[in-house]
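In what follows, chains are A, B, ... by sequence order, proteins preceding strands, each numbered from 1.
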Amino acid sequence: MKMSEMFFTTLRETPSEAEIPSHQLMLRAGLMRKLASGIYNYLPLGKRVLKKVEEIVREEMDKTGAQEILASALLPAELWRETGRWDVFGPEMFKLKDRNEREFCLGPTHEEIFTDIVRNEIKSYKQLPFNLYQIQTKYRDEKRPRFGVMRSREFIMKDAYSFDKDWDGLDVSYKKMYDAYCAIFDRCGLKYWVVDADTGAMGGKDSNEFMVQSDVGEAEVAYCDECGYAANVEKAPCVNRPIHIDEAEKEIKKVSTPDVKTVDELVHFFNVTAERFVKTLIYLIDDKVVAVMLRGDREVNVTKLQNLFKASDVQMADRNTVENATGAEVGFAGPIDINVDALVVDDEVANMKNFIIGANETGYHYENVNYGRDFKADIVADIRNIEVGDACPKCGRPVSIARGIEVGHIFKLGTKYSEAMDATYLDENGQEQPIIMGCYGIGINRTVAAIIEQHHDDKGIIWPMSVTPYHVIIVVASNYQPEQIQAAQSIHDELTSRGIEVLLDDRDERAGVKFNDADLIGIPMRITVGKKISGGMVEFKRRDKADSMDVPISDIVNKVIDEISRELK
RNA sequence: CGGGAUGUAGCGCAGCUUGGUAGCGCGCAUGGUUCGGGACCAUGAGGUCGCAGGUUCAAAUCCUGUCAUCCCGACCA
């Protein structure tokens, strides 16, 4: 491809709206342009990268025996009403009506549709198992689109759905996807964790997320370098040890604490650390008022709370609700004589001795409080966030926490959708059984952004060979030298005929501009045709290396082919 | 949805306090000189200052509303 003819512009300056490297570089390198918040148009260079990633995904999916189909993105409401998700998705769903007032949405995901497709075709256990997938555009009206393509309202997803006759079969199907996902992200050149994940509103049993290690990720991952354990922080269980266990239980005492409300103020007032306090937070969980107790320096894990109550909505209570429950101003809540539907105590608190709590009376706290003796919970459970240094749930050593970009997510759905939608088969005994399902998603655009996050420097993108829009760029140092143009053209033609993807920078620009653009768009190999062409030499440079080498023009094609085959082996 | 910020040429920005003919850099076009890490000179094109009201002789500038965009938080199969 001659760059003089390519639809392509780079930006010298970073657009002010872009915050993170991948977003900045996708705009600067001319991969895409914004159409509206969270909606992007892909230009030739960006489209080629998307295609490369899609093709890797397709190859690995096909290897597992999964079969590609294509469902519509425009979906009738009735299917979503069958599972109740027309309302569950709520405003996240782009909804619309046709001329006859029939309701539709733009598909945010496709469980219902694949289940419908399958229930219409499958009658017998003999037809199971199988796995169907598609690579298709999804629509979600995100509350807050963010970071370019990282969280967008329109995005390309590979979604796969497995259909088995029993749970053992699902385990096999799930493992195949798990392995395929590892192969895909390995091929994309990504460093990632496979983490235990919460199944959330998708329902189902096991779930793993594929998290690319990156500071700009939106999710937090607790991981253990010793044993390899990794989990989404919202999922990771806390292993609690008894605290102050060797202390004798002291006598409970009411203390006047005027205007001392927050944990910080308490720490100052009592002159002890936050670990000696237990805070009582009031939540609204669906229609219940729930008091939640945990150590003063800990954080509530809303996901764990939500799962504990199998609730659809969890939020902090408003001031009135708190004052009704405690009979005191906000800041003095405690478990004794509290008026709530349920009292939940973090299991760490149940292990503490002689701690300080609010007295449910404005201006007072209790000290030397002990669980069991002074109050009792309706539920004792793990409801806090795991923190750096907490015990690894698997091996007990201290965990670390880092951020990750979720590029893939796999679920064992079980019968959630097949039962709701009556997708059944007849087993060996002629009995009707629900099909056992799994679902498996990869965000294609987000994967591209994640690759850039892990593969860039201050000059631009550094594409891995597997996903680069072109393998090699030939820079003509001096366009006005016919000898250089001719040599570059012949290298271009030879490489192209060997199946290599080549950019030829024949633009009427100075060499510096071409070098900078080549670095910005991140082509992994660069051939410079310059003065040394008179001696039959060209220059070869890799984007990821600082130094370059002179190569005889007769060897350059083989040099390029060697590099590619070494890397894509 | 709560909090914060920003909308002036394709991109990056100044001008607004104190109302008076819309500017700078980059990019773009033409000509010339240059030519291996974002050249230089000259000439030029390009903007209803997000939009709608209002105040005023006069609004990019002041007021009201509205839309859009970004960030933090909440939320998120």
Side-chain angles (χ1 to χ4, degrees), chain A residues 9-20 23-24 27-28 30 33-39 80 83 85 88-93 107-114 138-148 150-153 155 157 159 161 197-204 207 209 216 218-219 232 234 300 302-303 306 312-316 318 406 408-413 416-417 437-443 459-460 475-481 484 505 507-520 526-533 538-539 541 546 548 550:
Chain A
T9 40
T10 53
L11 306 176
R12 291 199 178 191
E13 290 179 270
T14 302
S16 59
E17 68 186 32
E19 196 81 3
I20 64 169
H23 188 196
Q24 295 174 346
L27 293 171
R28 284 194 59 211
R33 296 287 180 248
K34 185 175 74 175
L35 183 60
S37 179
I39 304 176
W80 297 88
T83 60
R85 289 213 295 178
V88 169
F89 259 100
E92 286 251 306
M93 213 176 216
T109 177
H110 278 237
E111 283 75 19
E112 280 82 352
I113 289 69
F114 276 64
K138 302 285 190 249
Y139 298 88
R140 294 183 192 180
D141 196 356
E142 292 285 349
K143 281 176 194 148
R144 187 181 160 203
R146 236 203 290 219
F147 296 151
M150 205 63 87
R151 177 164 297 276
S152 54
R153 299 196 290 172
F155 59 99
M157 181 186 238
D159 47 327
Y161 305 86
D198 186 70
T199 51
M202 286 296 290
S207 174
E209 286 167 333
V216 304
E218 294 183 89
N232 195 313
E234 64 181 24
V300 173
V302 174
T303 305
Q306 186 167 0
S312 57
D313 184 51
V314 175
Q315 50 180 312
M316 291 288 287
D318 54 279
E406 180 192 342
H409 201 164
I410 59 180
F411 297 83
K412 290 183 183 173
L413 290 176
K416 173 170 171 157
Y417 295 91
M437 293 174 56
C439 74
Y440 317 91
I442 291 178
K459 290 177 182 299
V475 171
V476 182
S478 306
N479 253 33
Y480 51 88
Q481 299 284 356
Q484 293 183 17
D505 197 346
R507 292 176 300 167
D508 195 12
E509 294 283 356
R510 293 161 63 92
V513 173
K514 296 184 184 183
F515 290 145
N516 280 310
D517 273 345
D519 288 345
L520 177 59
R526 187 182 81 196
I527 298 167
T528 305
V529 180
K531 290 191 209 78
K532 291 173 196 153
I533 194 65
V538 296
E539 181 184 288
K541 182 181 176 301
S548 61
D550 292 336

Scan nucleotides 2-9 of chain B against the protein and return all N/O pairs shorter than 3.5 Å with their distances rounded to 0.1 Å.
none

Within the sub-3.5 Å range, which N or O atoms of nucleotides 39-45 of chain B have a protein N or O partner, and how far apart are they?
none

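Comparing the C1' positions of B:C51 and B:G7 gives a spacing of 11 Å, expressed to the nearest Å. Comparing B:U43 with B:G37, their C1' atoms sit 29 Å apart, to the nearest whole Å. Spacing of P atoms, B:G19 relative to B:A58, comes out at 15 Å, to the nearest Å. B:U48 and B:G10: their P atoms are spaced 9 Å apart (whole Å). Of the P atoms belonging to B:A59 and B:A68, the separation is 27 Å, rounded to the nearest Å. Taking atom P on both nucleotides, B:C13 is separated from B:C70 by 15 Å, rounded to a whole Å. Using P as the reference atom, B:U55 and B:C11 are 34 Å apart when rounded to the nearest Å. Atom name P, nucleotides B:U61 and B:U8: the rounded distance is 14 Å, in whole Å.
Between A:Lys416 and A:Glu111 there is no salt bridge, since none of the side-chain N atoms of the basic residue sits less than 4.0 Å from a carboxylate O of the acidic one.
The side chain to side chain donor-acceptor pair (under 3.5 Å) search around A:Asn516 returns none, not counting sequence neighbours. Remark: A:Tyr440 pairs with no residue by the ring-ring contact (aromatic ring centres under 6.0 Å, His included) rule, at least two apart or across chains. The side chain to side chain contact (heavy atoms under 4.5 Å, CB included) search around A:Gln24 returns A:Thr14, A:Ala18, not counting sequence neighbours. When the side chain to side chain donor-acceptor pair (under 3.5 Å) test is applied to A:Glu406, the partners found at least two apart in sequence or on another chain are A:His409.
When Watson-Crick and G-U wobble pairs are counted only if both distances are under 3.5 Å, B:U33 pairs with B:A39. When both pairing distances are held under 3.5 Å, B:G44 makes a Watson-Crick or G-U pair with B:C28. Taking a pair to require two hydrogen-bonding distances under 3.5 Å in either a Watson-Crick or a G-U wobble arrangement, B:C1 pairs with B:G73. Using the Watson-Crick or G-U wobble rule with both distances under 3.5 Å, B:G53 pairs with B:C63. Using N1 to N3 plus N6-O4 or O6-N4 for Watson-Crick, or N1-O2 and O6-N3 for G-U wobble, each under 3.5 Å, B:G19 pairs with nothing. Using the Watson-Crick or G-U wobble rule with both distances under 3.5 Å, B:A9 pairs with nothing in any strand shown. Base pairing annotation: B:A58 forms no Watson-Crick or G-U wobble pair, as no partner gives both donor-acceptor distances under 3.5 Å.
Contacts of A:Arg33 with the nucleic acid, taken as non-hydrogen atoms under 4.0 Å apart, are absent. A:Lys34 comes within 4.0 angstrom of sugar-phosphate atoms only, judged by non-hydrogen atoms across all strands, and of no base. Within the 4.0 angstrom heavy-atom criterion, base atoms lie near A:Met157. Residue A:Asn479 is classed as having no contact, given no heavy-atom separation below 4.0 Å to the nucleic acid. Across all strands, A:Phe147 comes closer than 4.0 Å only to sugar-phosphate atoms, never to a base (heavy-atom distances). Within 4.0 Å of A:Thr14, counting heavy atoms only, lie sugar-phosphate atoms of the nucleic acid but no base atom. Contacts of A:Phe155 with the nucleic acid, taken as non-hydrogen atoms under 4.0 Å apart, include base atoms.
Judged by distance alone, with hydrogens and angles left aside, A:Arg28 brings a side-chain donor or acceptor within reach of the base of B:G38, the pair sitting under 3.5 Å. No hydrogens or angles were tested; on distance alone, a donor-acceptor pair under 3.5 Å links the side chain of A:Glu539 to the base of B:G36. Taking only distance into account, the side chain of A:Glu13 meets the base of B:G25 through a donor-acceptor pair shorter than 3.5 Å.
Projected onto RNA chain B by closest heavy-atom contact, A:Ala18 and A:Lys459 fall at different nucleotides, the more 5' of which corresponds to A:Lys459. Take the nearest nucleotide of RNA chain B for A:Lys541 and for A:Glu92: the residue whose nucleotide is more 5' is A:Lys541.
Closest to the side chain of A:Ser16, out of B:G36, B:C71, B:C13, is B:C13. Of all nucleotides listed (B:G38, B:C28, B:C76), B:G38 comes nearest to the side chain of A:Thr10. Listed candidates were B:G12, B:C76, B:G36. Nearest to the side chain of A:Ala477 is B:G36. Of all nucleotides listed (B:C76, B:C75, B:C70), B:C70 comes nearest to the side chain of A:Ser37. You'll find that the side chain of A:Asn516 is closest to B:G37, out of B:C72, B:G12, B:G37.
For the atom pair CE (A:Met437) and CZ (A:Phe114), the distance works out to 9.5 Å, reported to the nearest 0.5 Å. Note: A:Met150 CE to A:Glu19 CD = 12.5 Å, rounded to the nearest 0.5 Å. Distance check: A:Glu539 CD to A:Lys532 NZ gives 5.5 Å after rounding to the nearest 0.5 Å. The CZ atom of A:Phe89 lies 12.0 Å from the CG atom of A:Asp141; values are rounded to the nearest 0.5 Å.
Using modelled atom types, no side-chain atom of A:Tyr161 and backbone atom of A:Ile113 make a donor-acceptor pair closer than 3.5 Å.
Between A:Leu520 and A:Arg28, the closest side-chain pair of non-hydrogen atoms falls below 4.5 Å. The side-chain heavy atoms of A:Arg12 and A:Val513, taken from C-beta on, include a pair separated by under 4.5 Å.
Distance, A:Glu209 CD to B:C76 C1': 11 Å, rounded to whole Å. Here B:C70 presents its C1' atom at 16 Å from CZ of A:Arg151, a figure rounded to the nearest Å.
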